[in-house]
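Please read the structure below before turning to the comments.
As the structure is a prediction and not an experimental result, all values here were calculated from the model. Chain identifiers are assigned alphabetically (A, B, ...) following the order of the sequence lines, protein sequences preceding nucleic acid strands; residue numbering begins at 1 within each chain.
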Amino acid sequence: MFRVECRQPVPQAGVEIFELLSDGLPDRVILWSEIDVEARGVQRGRDREHADVAVDDGAGPDAGVQLPNGGRPRNRKSRRGPQRRDARTHHEQDHISPCRNCAWLGLGARMTTPYIEDIGSHVGGEVTVRCWLHNKRSSGKLRFLIVRDGTGYLQAVVFKKSVPEATFAAAGELTHESSLTITGTVRADERAPGGYEMSVTAIEPLQIIPPEDAFPITPKGHGVEFLMDKRHLWLRSTRQRAILRIRHEVVRAAREFLDDDGFTLCDTPILTPAACEGTTTLFPVDYFEEEAFLTQSGQLYSEATAMALGRVYNFGPTFRAEKSKTRRHLTEFWMVEPEVAYATVDDVMDLAERFVTHIVGRVLERRLDELKTLERDPAPLEAVAPPFPRIAYDEALDILRTKGSDIEWGGDFGGGDETLLSEAFDRPVIVHRYPSSIKAFYMEPDPERPEVALCLDVLAPEGYGEIIGGGQRTSSYALLAQRLDEHGLDREVFDWYLDLRKFGSVPHGGFGMGVERVVAWICGLDHVRETIPFPRMLYRLRP
RNA sequence: UCCUCAGUAGCUCAAUGGUAGAGCAUUCGGCUGUUAACCGAAGGGUUGUAGGUUCGAGUCCUACCUGAGGAGCCA
């Protein structure tokens, strides 16, 4: 037995490992578990030629390798030059596995450390999986280990008669969420969850969690408070992983849509000198003895970048210090905000409609497995297609009144009103032209009805409520200045914003979409707190 | 800030004002195909905190603390 050890810096050693394999050990696969942990990190280097790995047989540094056939590898110096290229060619010919991880290691199919999601391309071969123990079932002389590596679950079977006693014992000592590498032959087996199973030949525990201080999250139920306190560990559950993958898909789809539609990403500052809208509470920050605030929207700045680049968006965190304690609120959340020069309110509605449709479509296309994990019925999502119903605020009031609401004209919708409205349609509904009095100072009034604003909200179906808010912005300098005064906002603070109306003002508009609310809706969750890895809420700053 | 509900074993929950219980987790034993495995046994408690009523309080009362849901406000 030998091991391969990492020691820096030893140039070209990554190639040496490969040559060692082909020269001295034609039928021998070096198992991942036989490679020192330090070497693994280096193996991940992008440039294989400069991977820093030396070879050691355990007798000491630079002692060389004692091969089973009695041969020794040539010393390191003699292995530079053309031979290296030969080895690489050999490697490329040898490399037949479609497994991305094995290709990435640069060691072809000989050294197989696949991710579980790729395990199907290794049937019949011996592989090593680097993982955590998800669950364990024992049946006397037979032990089932269900392991996870972040990409999936794999059932590994340890037969007492087929492995050394120590290996069988090691399988027994592993505890829930202990880390390990596990080696064995991959088989297709219908009895195993996922359809593939490993017959184990070797187990190497990395860290065994002691039973007296066991992993706190058990397979059975827990309360919200407990899980939130253990959020850093809760993330390892199947359900949380599915949600975060869908969140990733939502973000990716949003950016993909805007990038492909000619938008330029122009991120806006997090630290701001004043309220963007002046209506909600802000988190104050000491900015070198000046008071600053965490942003609650990048919109005003995006209006500036839109005047420079035409179509822009910003994508970042936003902060609201509201004492809201509901299933729809976080104090820190992510928002994507497109802004378009020369856009009218109708253009913004068109954009919002195409945007939401694209995002939902991508999730259905790429994350159906995760939706299934969440037991989310995809049917309501499949109905999401243009055109979305567009109703004016006045019509919305009529609908609400038929459904029993006693809302007066001029009032904003409460959570219950939003639920009532969205339940009236099978897809997202756009409500436009709210009374100016309940909207922000920068909303453009409707020229035909100045008491309403050219604004819009998109309400998600199934009672999920507002996921998008936006509209057309005031383009007149005089009107904007007047509105600032009416809202009690300081003109000097907004002088740069007023400049946008002073130097080539044009009609323009955009919207902001709350990522967490969209994810909650798509996943069918009853609370936004699970849609972000570490939610920040009223009374919840840790972990 | 206001309203409602909850706090009992590591976790999820029971317990008419009268001996503090179960499942999961943990430990030990059994089982060669388990699917949140199963079977048997064991350990594990200042019932959120402080007062009060009562012969007697997990249970009733008061205050406080913590959490959850909602209102307002918002994406």
Side-chain angles (χ1 to χ4, degrees), chain A residues 134-146 153 155-162 168 172 175-177 187 189-195 197 199 209-230 233-234 237-238 276-282 296-299 317-337 352 411-419 438-440 457-460 464-470 511-521 526-529 531-532 537-540:
Chain A
H134 176 67
N135 202 355
K136 180 173 70 172
R137 287 185 278 271
S138 170
S139 187
K141 299 180 176 67
L142 184 61
R143 279 173 180 155
F144 297 94
L145 305 178
I146 292 90
Y153 295 87
Q155 174 161 285
V157 189
V158 193
F159 286 96
K160 191 169 190 178
K161 282 187 180 171
S162 319
F168 190 74
T175 49
H176 186 210
E177 285 300 320
R187 292 178 287 105
D189 193 319
E190 284 186 5
R191 291 171 296 185
E197 190 172 81
S199 295
I209 301 173
E212 64 272 16
D213 193 17
F215 192 75
I217 298 173
T218 62
K220 291 219 176 177
H222 296 282
V224 172
E225 184 186 3
F226 180 79
L227 290 170
M228 288 304 299
D229 285 341
K230 307 288 180 196
L233 305 176
W234 187 21
S237 74
T238 312
C276 292
E277 303 177 17
T279 54
T280 51
T281 323
L282 299 169
Q296 62 177 336
S297 165
Q299 181 212 310
T318 50
F319 307 87
R320 306 273 167 99
E322 295 153 5
K323 299 210 168 180
S324 301
K325 199 167 152 47
T326 80
R327 64 185 71 217
R328 303 185 308 279
H329 286 86
L330 298 170
T331 52
E332 176 183 306
F333 64 96
W334 286 69
M335 198 153 63
V336 51
E337 296 177 285
D412 207 350
F413 302 143
D417 294 321
E418 283 185 359
T419 303
I438 54 170
K439 286 292 172 182
D457 285 353
V458 178
L459 307 183
Y464 278 91
E466 185 178 352
I467 52 171
I468 279 178
F511 61 81
M513 186 188 81
V515 170
E516 288 75 16
R517 285 190 180 176
V518 170
V519 175
W521 160 49
D526 61 5
H527 200 298
V528 290
R529 69 183 150 223
T531 63
I532 185 166
M537 299 179 289
L538 187 61
Y539 310 131
R540 175 64 66 178

Whole-Å distance separating the [atom1] atom of [X] from the [atom2] atom of [N]:
{"X": "Arg137(A)", "N": "C31(B)", "atom1": "CZ", "atom2": "C1'", "result": "15 Å"}
{"X": "Ile467(A)", "N": "A75(B)", "atom1": "CD1", "atom2": "P", "result": "13 Å"}
{"X": "Arg191(A)", "N": "U32(B)", "atom1": "CZ", "atom2": "C1'", "result": "11 Å"}
{"X": "Leu282(A)", "N": "C73(B)", "atom1": "CG", "atom2": "P", "result": "17 Å"}
{"X": "Asp189(A)", "N": "U34(B)", "atom1": "CG", "atom2": "C1'", "result": "11 Å"}
{"X": "Tyr153(A)", "N": "A36(B)", "atom1": "OH", "atom2": "P", "result": "13 Å"}
{"X": "Glu177(A)", "N": "C11(B)", "atom1": "CD", "atom2": "C1'", "result": "16 Å"}
{"X": "Asp229(A)", "N": "C11(B)", "atom1": "CG", "atom2": "C1'", "result": "13 Å"}

For the residue pair [X] and [Y], what are the closest heavy atoms and their distance?
{"X": "Gly470(A)", "Y": "Asp457(A)", "result": "N-OD1, 4.4 Å"}
{"X": "Ile217(A)", "Y": "Leu233(A)", "result": "CD1-C, 3.8 Å"}
{"X": "Phe168(A)", "Y": "Gly140(A)", "result": "CZ-O, 3.6 Å"}
{"X": "Lys230(A)", "Y": "Pro216(A)", "result": "CD-CG, 4.0 Å"}

Just how far is it from atom [atom1] of [X] to atom [atom2] of [Y], taken to the nearest 0.5 Å?
{"X": "Ile467(A)", "Y": "Glu516(A)", "atom1": "CD1", "atom2": "CD", "result": "12.5 Å"}
{"X": "Met513(A)", "Y": "Met335(A)", "atom1": "CE", "atom2": "CE", "result": "10.5 Å"}
{"X": "Trp234(A)", "Y": "Met228(A)", "atom1": "CH2", "atom2": "CE", "result": "6.5 Å"}
{"X": "Leu282(A)", "Y": "Thr318(A)", "atom1": "CG", "atom2": "OG1", "result": "11.0 Å"}
{"X": "Arg320(A)", "Y": "Leu330(A)", "atom1": "CZ", "atom2": "CG", "result": "11.5 Å"}

Mind checking the [atom1] distance from [N] to [M]? Whole angstroms is fine.
{"N": "C73(B)", "M": "C2(B)", "atom1": "C1'", "result": "14 Å"}
{"N": "A36(B)", "M": "G70(B)", "atom1": "C1'", "result": "33 Å"}
{"N": "G43(B)", "M": "C28(B)", "atom1": "P", "result": "15 Å"}
{"N": "U49(B)", "M": "U66(B)", "atom1": "P", "result": "15 Å"}
{"N": "C5(B)", "M": "A20(B)", "atom1": "C1'", "result": "25 Å"}
{"N": "U19(B)", "M": "U59(B)", "atom1": "P", "result": "14 Å"}
{"N": "G21(B)", "M": "U53(B)", "atom1": "P", "result": "29 Å"}
{"N": "A68(B)", "M": "G51(B)", "atom1": "P", "result": "28 Å"}

Handout entry: Stacking check Phe144(A) vs G33(B) (5.5 Å / 30 deg)
Key = no
Exercise for the section: Cation-pi check, Arg517(A) to Tyr464(A): give yes when NZ or CZ is under 6.0 Å from the six-membered ring centre and within 45° of the ring axis, no otherwise. Expected result: no
Classify the nucleic acid contact of [X] as base, sugar-phosphate or nothing, counting any heavy atom under 4.0 Å across all strands shown.
{"X": "Ile217(A)", "result": "nothing"}
{"X": "Glu197(A)", "result": "base"}
{"X": "Phe226(A)", "result": "sugar-phosphate"}
{"X": "Met513(A)", "result": "nothing"}
{"X": "Phe159(A)", "result": "base"}
{"X": "Lys161(A)", "result": "base"}

Problem - Base versus backbone protein contacts along nucleotides 39-46 of chain B [heavy-atom cut-off under 4.0 Å; B, S, -] - result: --------
So which protein N/O to nucleotides 66-72 of chain B N/O distances come out below 3.5 Å?
residue	atom	partner	partner atom	Å
A68(B)	OP2	Lys325(A)	NZ	3.1
G69(B)	OP1	His527(A)	NE2	3.2
G69(B)	OP1	Arg529(A)	NH1	2.9
G69(B)	OP1	Arg529(A)	NH2	3.1
G69(B)	O3'	Arg327(A)	NH2	3.0
G70(B)	OP1	Arg327(A)	NE	2.0
G70(B)	OP1	Arg327(A)	NH2	2.8
G70(B)	OP2	Arg327(A)	N	2.8
G70(B)	N7	Lys325(A)	O	3.2
A71(B)	N6	Lys323(A)	O	3.4
G72(B)	O6	Ser324(A)	OG	3.2
G72(B)	N1	Lys323(A)	O	3.2

Are the side chain of [X] and the backbone of [Y] linked by a donor-acceptor contact shorter than 3.5 Å?
{"X": "Arg187(A)", "Y": "Glu197(A)", "result": "no"}
{"X": "His134(A)", "Y": "His176(A)", "result": "no"}
{"X": "Gln155(A)", "Y": "Phe144(A)", "result": "no"}

Handout entry: Pairs satisfying side chain to side chain donor-acceptor pair (under 3.5 Å), at least one member in residues 328-337 of chain A, at least two apart
Key = Ser297(A)-Glu337(A), Asn314(A)-Glu337(A), Thr326(A)-His329(A)
Practice task
Starting at the 5' end of RNA chain B, write a dot or bracket for each base, bracketing those in Watson-Crick or G-U wobble pairs whose two distances are under 3.5 Å and using | for partners on another strand.
Solution key: (((((((..((((....[..)))).(((((.......))))).....(((((..]....))))))))))))....
Fill in the blank from the handout: Between Gly140(A) and Asn135(A), whichever has its closest RNA chain B nucleotide further toward 5' is Gly140(A)
Practice task
Report the residue (Thr218(A) or Glu516(A)) whose heavy-atom-nearest nucleotide on RNA chain B is the more 5′ of the two.
Solution key: Thr218(A)
What protein N or O atoms touch nucleotides 27-30 of chain B N or O atoms at under 3.5 angstrom, if any, and at what distances?
none

Fill in the blank from the handout: Among the nucleotides U32(B), C24(B), G33(B), whichever has the atom closest to the side chain of Gln155(A) is G33(B)
Practice task
Look at the side chain of Arg517(A) and the base of C74(B), then say whether one donor and one acceptor between them are separated by less than 3.5 Å.
Solution key: yes
Problem - Under the salt bridge (Lys or Arg N to Asp or Glu O under 4.0 Å) test, residues paired with Arg191(A) that sit two or more places apart - result: Asp189(A)
